[in-house]
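Values below: all heavy atoms of this structure, side chains included; hydrogens, waters and symmetry mates excluded.
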Amino acid sequence: MLKTLTVENYALIEKSVIEWQPAFSVITGETGAGKSILIGSINYCLGQKADKDVILQAKTSIKNTNVQLEALGGDVTLTATEGVSPVVN
């Protein structure tokens, strides 16, 4: 179960920290609110390639993309940084 998602310089997100509660969680919002960006950041952290436009936005601002995903009930934290394969800590 997901515990925390930290996203920095990914697509339109400068920095966001989402902490899920140990229950059912739903991501909702209007069109363009960023739901797909959050799902994309989770996929990026799990090893999926990010859309080049997502990373290019970070590169033009001279900032690295950083996504961290922490799972509940475990000591595992996945971290993905632009240009680096996801790392399990």
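- Gln68 contributes atom CD, which lies 9.5 Å from atom CG of Leu5 (distance to the nearest 0.5 angstrom).
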Which donor-acceptor pairs under 3.5 Å do the side chains of residues 27-41 make with protein atoms, sequence neighbours left out?
| unit_1 | atom_1 | unit_2 | atom_2 | d |
| --- | --- | --- | --- | --- |
| Lys35 | NZ | Gly29 | O | 2.9 |
| Lys35 | NZ | Glu30 | O | 3.0 |
| Ser41 | OG | Leu38 | O | 2.6 |

Side chain to side chain contact (heavy atoms under 4.5 Å, CB included), that's the test. Do Thr4 and Trp20 meet it? Break it down for me. CA-CA 6 Å; Thr4 307; Trp20 283 283; over 6 Å; no
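- Glu8 contributes atom CD, which lies 10.5 Å from atom CD of Glu14 (distance to the nearest 0.5 angstrom).
- Taking both residues in full, the closest heavy atoms of Val7 and Ile13 are given as O-CG2, 3.9 Å, listed atom of the first, atom of the second, then distance.
- Asn66 CG to Thr6 OG1: the interatomic distance, rounded to the nearest 0.5 Å, is 8.0 Å.
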